[in-house]
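If you're wondering where the values come from, they're calculated on a predicted model, not measured in any experiment. A, B, ... follow the sequence lines: proteins, then strands. Residue 1 opens every chain. Computation of the quantities below employed the complete heavy-atom set of this structure, encompassing side-chain atoms and omitting hydrogens, waters and symmetry-equivalent molecules.
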Amino acid sequence: MSLLELKNISKIYGNLKALDDINLKVEKGEWVAIMGPSGSGKSTLMNIIGCMDKPSVGEVFLDGKDISKESARSLTEIRRDKIGLIFQQFHLINYLTAVENVMVAQYYHSMPDEEEALEALKRVGLGDRAKHLPSQLSGGEQQRVCIARALINHPEVILADEPTGNLDETNENIVLDIFRQLHEEGATLIVVTHDPEVGEVAERTVILEHGRIKSDKQNEDFGKQI
Amino acid sequence: MTRRKMFMRMITASLVRRRSRMVVALLAIAVGATILSGLVTIYYDIPRQMGAQFRNYGANMIFLALGSEADFNMDSVNEAVSHIDSSNLLGVTPFRYETVRIHEQPVVAAGTDMKSAQVTSPYWHIEGQWPDSDKEVLVGKKMAELLGLKEGDSFNVPFVVQEDPDSVLNLGIDMKVSGILDTGGSEEDYVYMHMADLEELAGATERLDVAELSVSAAQDELKAYAETISEKVDGVSASLVKRVTQSESTVLKKLQALVFIVTVVVLILTMICVANTMTAVVAERRKEIGLRKALGASDKGIIWEFMGEGLLLGGIGGLIGSFFGFAFAQFVSIHVFGSSITFQPLLLPVTIIVSIVVTGLACLMPVRNAMDIDPALVLKGE
């Protein structure tokens with residue numbers, strides 16, 4: 001059984017088909033890059049996988065359970081328990097410190113634990129920046145806080161939307177190194193990106209065009225760069 | 001760390017680290033609480049303040065003899081006065097009236113305690129000065145015109161009751177006019193002298209005709225005093241000077257109604273102002289709300305977080321407003337009524353609770369509206 005399975009998914013806004021009959025399976029521990037030009041349906045697909053939207057047609061199975069008909073409240077619970085989100089614009093709460101931002105995810109999931117949150121920050125190389133506010137961190141550091149927040153509740157799927165879109169090359173490499181490490185530890189990664197370099201380092205690349213899957217192939221060079 | 005501690009950590013961090021934004025909201029609440037607390041202080045202090053002002057219009061209670069006039073004396077007046085709360089009693093002035101002859105004309109002389117009369121009749125306008133030593137009198141303006149007396153004049157008053165009734169000589173007492181009494185009322189028809197002088201002229205009896213009292217109390221309280229005294233003290237009938245007490249009551253009710261209306265209007269304006277501020281605060285935090293929803297926060301959880309911030313702001317604003325409200329009320333009291341007010345401890349928790357409730361209500365609508373935010377749209381920056 002696949003960890004994530006999308007069956008004949010379509011998302012229709014009026015006359016526009018943002019997604020058109022998508023079928024996709026993601027296995028546990030896989031690192032999948034979803035690529036495509038603007039307007040190809042990447043963000044719509046990410047919202048559906050991330051339980052922030054529902055398909056107009058089709059079924060979404062997460063961990064064997066059909067979540068396509070769930071209520072908004074149930075989707076919030078599923079998102080909280082099973083999905084770790086990483087955003088292009090980081091979206092840290094600007095009046096909370098790095099460690100507090102990580103603890104917010106714990107707060108909504110179960111019980112805040114400052115020690116555990118500090119460990120998560122150390123894992124992304126920010127142990128010494130834990131008490132800093134987002135405004136005192138660089139873009140790369142903010143993205144690493146965002147990654148620590150996504151990891152803290154040990155989600156089934158880590159879903160990243162253009163995670164290196166706002167970063168320079170150095171920080172992009174740091175983030176990709178963290179992804180490699182997570183993949184080695186068995187995490188399931190779905191990365192939405194338009195950056196070919198980010199797509200190439202993934203295990204598998206799915207290319208969308210006009211709301212359809214144009215190609216879905218394993219990256220032959222995967223593992224060689226590591 | 002418990003969830004409750006994290007909740008408090010988040011809302012205090014929001015207030016402390018976003019202080020430039022929160023100061024605006026806090027200011028709106030604190031200003032509302034200040035005016036509210038100040039007006040309520042004034043509302044409750046008006047009877048006392050106005051009571052003191054009204055006491056300038058003279059006595060508001062009188063004691064008269066009930067039954068035998070011989071039984072109405074200083075002892076029975078003192079017994080009656082013991083039924084009035086001493087902190088409310090400003091003054092008691094006894095009067096005894098006798099007809100004497102001045103310049104061969106019959107004149108009504110009133111014996112009294114001049115010091116008490118100054119307290120119970122502060123509106124008396126004296127041309128000259130109040131009698132200080134024995135044998136000095138106040139002459140009513142009309143009586144002075146009739147008798148041709150003016151300030152500083154001396155005149156003789158024959159004894160009404162002579163020690164030796166068979167004596168042909170009645171030398172009487174020489175008296176001096178210390179001042180002319182000008183009230184525009186019936187007081188101008190009398191000559192006022194010290195009680196001891198009248199007793200010397202008309203014989204030393206303990207009998208009184210009337211006692212005037214100035215009591216700082218509301219009409220209902222005065223009525224209760226009068227009923228208790230009439231019931232419990234033999235020979236004394238206590239009644240209210242209705243033209244004074246009724247006017248007091250009417251003016252007080254109108255003033256309190258005015259302050260009440262202003263208070264309600266301020267309360268509504270405060271709520272609108274706080275609601276506007278909170279709407280702006282929530283609007284600028286749409287992304288944060290979207291993020292919290294994306295991280296798995298329930299609508300109820302987010303409402304509580306924003307309400308928590310609002311209620312904490314309300315509490316702090318209420319606390320600040322309580323103290324500034326007292327300062328405001330004190331300023332008004334000193335500049336309008338000319339006297340200070342005392343701090344009402346009960347008003348502190350009341351102001352804080354009202355501020356919390358008003359802020360809570362004002363926050364409710366913008367926060368509920370924020371629940372419609374779709375995390376997917378906000379996080380995409382659309």
Side-chain angles (χ1 to χ4, degrees), chain A residues 42-44 46-54 72-97 99-117 133-135 146 149-150 152-153 155 159 161-162 192, chain B residues 1-26 281-306 308-309 312-313 368 370-382:
Chain A
K42 298 193 301 291
S43 295
T44 309
M46 179 182 165
N47 287 342
I48 290 172
I49 296 171
C51 301
M52 288 187 278
D53 202 355
K54 288 197 273 190
R73 181 185 282 190
S74 296
L75 286 177
T76 300
E77 286 170 9
I78 294 164
R79 187 166 64 238
R80 183 182 66 201
D81 295 337
K82 295 185 183 291
I83 295 169
L85 293 166
I86 299 168
F87 309 100
Q88 180 180 1
Q89 290 165 329
F90 326 131
H91 290 306
L92 299 179
I93 297 172
N94 58 9
Y95 56 85
L96 296 181
T97 60
V99 72
E100 286 167 345
N101 266 285
V102 178
M103 288 165 73
V104 168
Q106 290 178 312
Y107 172 75
Y108 292 125
H109 181 266
S110 48
M111 197 65 80
D113 182 340
E114 193 160 1
E115 287 303 312
E116 200 183 345
L133 292 170
S135 57
C146 186
R149 183 177 63 190
I152 192 70
N153 295 324
L159 188 58
D161 179 23
E162 303 282 7
V192 177
Chain B
M1 179 183 284
T2 61
R3 285 173 58 79
R4 185 174 294 175
K5 276 187 182 171
M6 184 63 193
F7 174 82
M8 289 309 295
R9 192 165 166 175
M10 286 193 294
I11 62 172
T12 48
S14 172
L15 297 184
V16 173
R17 296 185 190 140
R18 299 172 66 249
R19 50 183 171 269
S20 58
R21 305 291 168 94
M22 285 304 175
V23 158
V24 178
L26 188 61
V281 166
V282 171
E284 71 175 18
R285 293 171 72 185
R286 285 173 66 83
K287 281 199 173 180
E288 183 192 325
I289 293 169
L291 171 74
R292 287 180 183 275
K293 289 179 97 170
L295 292 177
S298 63
D299 287 358
K300 201 172 151 191
I302 292 175
I303 287 174
W304 270 115
E305 282 158 32
F306 276 79
E309 280 182 28
L312 192 60
L313 270 180
R368 281 185 69 88
M371 291 310 100
D372 297 334
I373 294 170
D374 180 351
L377 288 179
V378 169
L379 296 177
K380 267 290 168 195
E382 286 169 32

key: Closest non-hydrogen atom pair, A:M52 against B:A294   = SD-CB, 4.1 Å
inquiry  = On a heavy-atom basis, which atom in A:F87 and which in B:L291 lie closest, and how many Å separate them?
reply    = CE1-CD1, 3.7 Å
inquiry  = Can you tell me which of B:S298, B:G301, B:A297 forms the most heavy-atom pairs within a distance under 4.5 Å of chain A?
reply    = B:A297
ask   = Among B:M10, B:K5, B:R285, B:R292, which has the most heavy-atom pairs under 4.5 Å with chain A?
value = B:R292
request  = Find the distance between CE (A:M111) and OG1 (B:T2) and round it off to the nearest 0.5 Å.
outcome  = 7.0 Å
ask   = To the nearest 0.5 Å, how far apart are CG in A:L92 and CD in B:E288?
value = 11.5 Å
Given heavy-atom pairs under 4.5 angstrom as the criterion, report whether the side chain, backbone, both or neither of [X] touches chain B.
{"X": "A:R73", "result": "neither"}
{"X": "A:E100", "result": "both"}
{"X": "A:I78", "result": "neither"}

key: Residues B:R9 and A:Y107: side-chain donor-acceptor under 3.5 angstrom   = no
task = Ignoring hydrogens and angles, tell me if any N or O in the side chain of A:R79 forms a donor-acceptor pair with the backbone of B:K293 under 3.5 Å.
result = yes
remark   = Given A:A105, A:C51, A:S110, A:G84, the one with more heavy-atom pairs under 4.5 angstrom with chain B than any other is A:S110
query = Can you check whether A:V104 reaches B:M6 side chain to side chain, under 4.5 Å on heavy atoms?
reply = yes
inquiry  = Between A:T97 and B:R17, is there a side-chain heavy-atom distance shorter than 4.5 Å?
reply    = yes
inquiry  = Tell me which pairs pass salt bridge (charged side-chain N to carboxylate O under 4.0 Å, His left out) where either residue lies in residues 81-96 of chain A, with sequence neighbours left out.
reply    = A:D63-A:K82
